[in-house]
**Q** 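Take this structure first; my questions come after.
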Amino acid sequence: MALNLTAPIHLTGEVLERWPEPDALVFITSGFALVSPTRAPTHGAAKAGLHGFADGLRRQLAPHGTHVLEVLPPSTDTPMNAEATGKKLTPAEVAAVTMKALRGQRNMAFPGQTKVMPAMLRIAPGTLRRLVAAL
């Protein structure tokens, strides 16, 4: 919780204290912010908390012209995931989607397989929850 939720909130406060009207803030959550994994509900809860923080901050900072972007990548090929098996996006792929979303002033970016999540949550939420549970 400290690393995935509390630290980003405190860091954002420090940034806004020094730069009250930044052009943009980017938060990296994950698909687990929308559907918590069975094997790691605490991780899902932290990501969901950061998702809520980004959403509220987006509305709070909009009058100042600050764009708040939330990026929800799937498993990404980083040292943290070195032991993980299965499909992983490269950091460059996540960065490309992030930059495109920033240029387009989008609220959220869904790299790789997470791009189907918004539609799945509307059309077949039970199926999505079963898929995430199997991860």
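Residue numbers count from 1 along this sequence.
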**Q** Give me the atom names and distance for the closest heavy-atom approach of Pro8 to Ala2.
**A**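 Result for this residue pair: CD-O, 4.4 Å.
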**Q** Any chance you could measure Met1, atom CE, to Leu50, atom CG, to the nearest 0.5 Å?
**A**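 One gets 10.5 Å once the value is rounded to the nearest 0.5 Å.
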**Q** Determine the minimum heavy-atom distance between Leu72 and Ser30, stating which atoms define it.
**A**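 Of all heavy-atom pairs spanning Leu72 and Ser30, the closest is CD2-O, 3.3 Å.
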**Q** Distance check, rounded to the nearest 0.5 Å: Thr29 atom OG1 versus Met108 atom CE?
**A**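 Between atom OG1 of Thr29 and atom CE of Met108 there are 6.5 Å.
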**Q** Would you kindly confirm whether Val68 and Trp19 end up in one hydrophobic cluster when ILVMFWY residues are joined by side chain heavy atoms under 4.5 Å apart?
**A**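 Yes: a chain of side-chain contacts under 4.5 Å links Val68 to Trp19.
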**Q** Evaluate the criterion side-chain contact (heavy atoms from CB on, under 4.5 Å) for residue pair Lys88 and Thr76; output intermediate values, then yes/no.
**A** CA-CA 5 Å; Lys88 294 184 261 187; Thr76 304; 5.9 Å; no
**Q** For the residue pair Thr66 and Pro22, what are the closest heavy atoms and their distance?
**A** OG1-O, 2.6 Å
**Q** Are Leu89 and Ile28 connected in a single hydrophobic cluster, I mean Ile/Leu/Val/Met/Phe/Trp/Tyr linked by side-chain heavy atoms less than 4.5 Å apart?
**A** yes
**Q** Roughly how far, to the nearest 0.5 Å, is the CG atom of Leu34 from the OG1 atom of Thr114?
**A**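 The OG1 atom of Thr114 sits 9.0 Å away from the CG atom of Leu34.
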**Q** How many angstroms lie between atom CZ of Arg103 and atom CE of Met99, to the nearest 0.5 angstrom?
**A**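 Between Arg103 CZ and Met99 CE, I get 6.0 Å after rounding to 0.5 Å.
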**Q** Does one hydrophobic cluster hold both Leu5 and Val26, with members joined at side-chain heavy-atom distances below 4.5 Å?
**A** no
**Q** After noting the C-alpha distance and the side-chain angles of Asp23 and His67, does the key distance pass the side-chain contact (heavy atoms from CB on, under 4.5 Å) rule?
**A** CA-CA 6 Å; Asp23 289 336; His67 174 217; over 6 Å; no
**Q** Which pair of heavy atoms, one from Pro111 and one from Val71, lies closest together, and at what distance?
**A** CG-CG1, 3.9 Å
**Q** For the residue pair Leu25 and Leu69, establish whether any side-chain heavy-atom pair is separated by less than 4.5 Å.
**A** no
**Q** For the residue pair Ala109 and Ala101, what are the closest heavy atoms and their distance?
**A**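 Scanning both residues, the minimum pair turns out to be CB-CB, 3.6 Å.
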**Q** Would Phe32 and Leu128 show up in the same hydrophobic cluster when neighbours are defined by side-chain heavy atoms closer than 4.5 Å?
**A** yes
**Q** Look at atom CZ of Arg106 and say whether more than 12 heavy atoms of other residues, nucleotides or ligands are closer to it than 6.0 Å.
**A** no
**Q** Under the ring-ring contact (aromatic ring centres under 6.0 Å, His included) rule, collect the residues that match up with Phe27, sequence neighbours excluded.
**A**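 Phe27 satisfies ring-ring contact (aromatic ring centres under 6.0 Å, His included) with Phe53 once adjacent residues are dropped.
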**Q** Which pair of non-hydrogen atoms, one from Gly44 and one from Ser36, has the smallest distance, and what is that distance?
**A**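 Result for this residue pair: CA-OG, 3.5 Å.
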**Q** Kindly compute the distance separating CE (Met120) from CG (Leu131), expressed to the nearest 0.5 Å.
**A** 5.5 Å
**Q** Could you measure the distance from the CZ atom of Arg58 to the CG atom of Asn107? Nearest 0.5 Å is fine.
**A**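 Reported value, rounded in 0.5 Å steps: 4.0 Å.
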